[in-house]
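In what follows, a structure is listed as structure tokens, so that the remarks can point back to it.
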Amino acid sequence: MRACRGCVPDGCVGASPLSVCAVVDTPAPTVTPIVTIDVEDWRPQIRPADTERHARELEAGAVLVLPRLAFRFEPDEARFLNVRWSDGKAKNISFDGASIRGATGPAQDLAALARMIGRFAADATALVTALLPRYAPWLARARTSYRPHGAAGRALSWRKDDTRLHVDAFPSRPMCGQRILRVFCNVNPFGQDRVWRVGEPFEAMARRLLPKLRPMIPGEAACLSALHVTRGRRSEYDHMMLGLHDCAKSDLDYQRNSPQREVRFAPGTTWICYSDQVMHAAAAGQYMLEQTVQLPPDALYEPRSSPLAILERISGRPLLAA
Ligand code: SIN
Ligand code: FE
């Protein structure tokens, strides 16, 4: 049997029962590349040539992994590494700089928890600014999340089940081509890795799954907006991104048999990717911080590599028209 080229150099571990690597003969990467960066400061000094290289790697669909970049807790913050701070209803605890959601506890403790999440937001934003300075003028910071729940084993619908490979797309928040760049940090205090599966490149996934999507119905976007299902109008781009998200998650054959590899993020590791482009699934792990930043495709070195450009190329028409 041939070696699975997509799985070098770390190998295809396959902890999840769904982890099966496809063997293909093309020289192009068949799964998401992983690039390691040796940085241990949230405000690192990076040479301009390296900042461009890292941005281009991200834009080409890689995950950048910083294994020595840990979030530093204040002495009284270790207590927050406990699931009891979750209100049990929201998927995550989140903070937008003003209000905390999804958490429960005395007001004073919640204020301290919000300060901790706010510090991660500042660190993650500073990291993106230092590592990817071209993006800095364009960045729009979304809510910051703290995820105290185990990644697997929660009773969620298949659509919300992030243990299945998917690209990120928001049902209520049309992105209209804006990119979703995410910074994650494993803060597990018990030595437990965050385990991901990453999948095939965006274009390969889109070419495979787009034919299965239902077309947008005329008037659908206006209806969804009038009913306040969406904040603003859903573009055809957003319709396709949601369709790809749902189609991948609902297709168990795709989950089992599409090209994929396992990646383990040890505690104290930070990683960055365009989660609207990288096929990813969270197989295991508990306690993680996450910051989302949005930016327009014009901010990219290679706008042609964006999901919007790829989907427009495949479908042969603009996807942002009203
Ligand atoms: C996701 O964005 O799909 C979740 C990633 C994680 O929980 O590790
Ligand atoms: Fe996701």
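One-based numbering, in listed order, for ligands and for the atoms of each. Position 1 is the first residue of the sequence; numbering continues from there.
- Within the protein, the N, O or S atoms sitting under 2.8 Å from the Fe ion (ligand 2) are His166 NE2, Asp168 OD1, His280 NE2.
- Side-chain heavy atoms closer than 4.5 Å link hydrophobic residues (I, L, V, M, F, W, Y) into clusters, and following such links, even through other members, never connects Phe80 to Val83.
- Classification of the Phe184-Trp271 ring pair by plane angle, with boundaries at 30° and 60°, yields parallel.
- When all heavy atoms of His54 and Leu132 are compared, the pair lying nearest together is C-CD2, 4.1 Å.
- Tyr135 has its side chain out of reach of Thr51: every pair of non-hydrogen atoms, C-beta onward, lies at least 4.5 Å apart.
- Judged by the 6.0 Å distance and 45° axis criteria, Arg194 is not positioned over the aromatic ring of Phe265.
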N/O contact list for ligand 1, threshold under 3.5 Å:
residue	atom	partner	partner atom	Å
ligand 1	2 (O)	His280	NE2	3.4
ligand 1	3 (O)	His166	NE2	2.9
ligand 1	3 (O)	His280	NE2	3.1
ligand 1	7 (O)	Arg194	NH2	2.7
ligand 1	8 (O)	Arg194	NE	2.9
ligand 1	8 (O)	Arg194	NH2	3.4
ligand 1	8 (O)	Trp196	NE1	2.8

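- Under the 30°/60° scheme for interplanar angles, the aromatic rings of Tyr146 and Tyr287 are found to lie parallel.
- Because its NZ or CZ atom is not both nearer than 6.0 Å to the ring centre of Phe95 and within 45° of the ring axis, Arg143 does not count as a cation-pi partner of that residue.
- Side-chain contact check for Glu290 and Ser145: at least one donor-acceptor pair (N or O, by modelled atom type) lies under 3.5 Å.
- The pair Arg115-Glu74 does not meet the salt-bridge criterion, since no charged nitrogen lies less than 4.0 angstrom from a carboxylate oxygen.
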